[in-house]
Undergrad: 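Dumping the structure here so I can ask a few things about it.
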Amino acid sequence: MSIREFLKECNDRDVFKRVSIYIVSSWVVLQVLVAIWSPLGIPEISVTYLILILLIGFPFYLYFFWKAKSHLILTDPDDMEEEEEVLKVKRKQFKTMYFRSLGFISVLSIAAVGWIINNNFIGSNFIPQISTDKIAVLNFDNDTGDKDLDIVGKMAADWLIHGITENHAGEVISSQVIDNYSNLLTAQIGPTAENAFTSFFKTDKVVRGAYFLREDKLVFQCIIQDGQTAQNVMAFEQLECSKDNALDCIEELKQKVITYFGMKEEGSLGIEEYPPKYEAYQKRLLARDVYEQKDLYIKLLNEAISIDSTYFEPQILRVQHYFNIREYAKADSLFKKLNFENRLAKRQTALLNFTEAILEGKNDKAWRNFKYEYDIVPKDPETNSTYMTLSLQFVNKPDLLEASFQEIPMDDFNLEDCIQCTFRYYTMGLAHIELGEYEKAVELLEPVVDILEQTYIKRTLAAAYAALNQDEKINALLNDLELKDRVQDKHQIGLHVGTRYLLNGQQDKAKSYFESLIGHNEAKKGHRAEAYYFLGDYENAEKLYRELYNQDNNSINARTMLAISLFKMGKADEADSILSRLEDEYSDFDFGEIDYNLAKYYAAKGEKDEALRELQKSVLKGKRYFPTTYQNDPHFLEYLDSPIFNTILTSWH
């Protein structure tokens, strides 16, 4: 059978039609895959795999087509007229030509498959992609034009690798591995190897940089890239040093790179525009761990600032520290000395606004600005704890605390070494009490009360017990403190329980706790004075408060309670005289303290309108919602249902 006859037979028996269908269908499938592989996240190499499958499948398709069509010999009228022997010869000749063609096509397919595999997998581009969570540090590029300075680029990489490893800032791939892999790329795909490095070597982060000459100074640039996307995630400030002292720049750069990885893990990186020096960062971390040791805490913050004067966070924390220990004038002075006008990130601006607001007593502004920080790092214990405190004590929104508390599972923390955890339990317990969820407060605090030894935790639990009339548990808590020789803590909690019972209208129970305190010889003068006062024994209360006032003329509370005691004893003129000059003692950092104490005095005198007016003034000046103020103060028990009093409680909403 001639080729022309064979081709005619193929045409008559739809062979070409079937081949066309396979080719066109394959082309359509390939076009679709090319269009969708990227949006669907399918690897680009999948297009190559599909081509290989289609090439390999083509000969099999032709073979199965032969089998399916009964050897492609049709029983048409023309065939029926031929003799049987002629049909056998014709079938045999066609089969021979068909399988010869199939063999030739198979050879071509195999050749094409081999060529594609060689080019894409075995030949110059067969380089396995390496994925790792480690950090790659590349040699810095020498852009000086001076070949003698090539060594500086390798020195920079080696110095960074050593620093990151030594300080446990991350796992680093050694420079030898990187060089070997880069050489492999250069050998196999040529001079484009450097640009292709991050395409084949998928690390978590890539540190790379360059250096050039500016007059006779070396200028270093450094960036950190995402190893998966090659996007820049950090660009450091340019560093400049003498050409003969390149190590000065390299050492400073090392400090900042190490700090970047440490702060990234901690979650506080975004506060700083550029990472601080590592030694300063270490001081800040140490300060966080000794927060309750006030002297050591401020010492470490000062050392961090001394090491790196551009380090923003410890400077803000120092201001807040002095605010927390009521040295308001010093806090304000330090705040006014801050100089960050020319380089403020959004988080820095929000924290500055927050600090300014707390110094001005603008509680709503303080809460709003700190919420910006909280929304960024809600799982940071320090930030989370501060936000919970602001929500409860600054703006009186106890309903917000549950969501914040749940942000951080406590199972992973060693509570004995986590002061922020203690604050979170404390504020959450108070929030439950404010919301009337006393069982929840008990359920929260009972499992941790023996671990968290702070008095305010036990006091909060005792307040929840009082709301539930669980005196046996209160007494067990107080007896345990006495056994541990913590008598003053026992008295403080007993006094608090007594006032809670007064708020609940249970005067008899309150009386028993006050009398128990008075009968104890070791009770502090202030505790005994308050117990006498709430028992209505104003004569004994007056004596003790007078002693306290004489010891400290600046004590607004002792002065106010002395005046109230005198008024209750019928000495109204003397009482008015003691408080007559109190309004002249307002200061920039009073935060409503004088107004609040005047409100207590007016409430004791029965002057409700005056008392409410002073309360309104106090809250607008920044007086905070403590467990002993406003709705938790027995002086205002009669005002709890007043619409004006409710307005005071929601002033910052």
Undergrad: Are the side chain of Asp380 and the backbone of Thr383 linked by a donor-acceptor contact shorter than 3.5 Å?
TA: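 Between the backbone of Thr383 and the side chain of Asp380 there is a qualifying donor-acceptor contact (under 3.5 Å).
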
Undergrad: Under 4.0 Å between a side-chain nitrogen and a carboxylate oxygen: does that hold for Arg288 and Glu382?
TA: no

Undergrad: Between the side chains of Tyr328 and Ser587, is a donor N or O closer than 3.5 angstrom to an acceptor N or O?
TA: no

Undergrad: Could you point out which residue of Ile325, Val319, Leu317, Asn324 forms a side chain to side chain contact (heavy atoms under 4.5 Å, CB included) with His321?
TA: Ile325

Undergrad: When you check the gap from the basic side-chain N to the acidic O, do Glu443 and Lys440 get nearer than 4.0 Å?
TA: no

Undergrad: Does a side-chain N-to-carboxylate-O contact under 4.0 Å join Asp295 and Lys299?
TA: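 Here Asp295 does not pair with Lys299 in a salt bridge, since their nearest N and O are not under 4.0 Å apart.
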
Undergrad: Run the ring pair (Phe, Tyr, Trp, His ring centres under 6.0 Å) test against Phe394 and tell me which residues pass, sequence neighbours left out.
TA: none

Undergrad: What's the verdict on side chain to side chain contact (heavy atoms under 4.5 Å, CB included) for Phe220 and Val152, showing C-alpha distance, side-chain angles and the deciding distance?
TA: CA-CA 10 Å; Phe220 282 79; Val152 173; 3.6 Å; yes

Undergrad: Less than 4.5 Å apart, side chain to side chain, heavy atoms only: is that true for Val207 and Leu138?
TA: no

Undergrad: Give a yes or no on whether a salt bridge exists between Glu279 and Lys283, defined as a side-chain N under 4.0 angstrom from a carboxylate O.
TA: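 So Glu279 does not pair with Lys283 through a salt bridge.
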
Undergrad: Do the two ring centres, one from Phe370 and one from Phe354, sit under 6.0 Å apart?
TA: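 Ring centroids of Phe370 and Phe354 are less than 6.0 Å from each other.
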
Undergrad: Could you tell me if Lys294 sits above the aromatic ring of Tyr291, with its cationic atom closer than 6.0 Å to the ring centre and no more than 45 degrees from the axis?
TA: yes

Undergrad: Please find the pair of heavy atoms, one from Phe140 and one from Ala210, that lie closest to each other, and give the distance.
TA: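 Smallest heavy-atom distance, with atoms named: CD2-N, 3.7 Å.
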
Undergrad: Begin from the C-alpha positions of Phe591 and Phe323 and carry the test ring-ring contact (aromatic ring centres under 6.0 Å, His included) through to its verdict.
TA: CA-CA 12 Å; Phe591 299 114; Phe323 177 87; 5.7 Å; yes

Undergrad: Between Asn414 and Asp417, is any side-chain donor less than 3.5 angstrom from a side-chain acceptor?
TA: yes

Undergrad: Would you say Arg624 and Asn363 are linked by a side-chain donor-acceptor pair, where the criterion is simply a distance under 3.5 Å?
TA: no

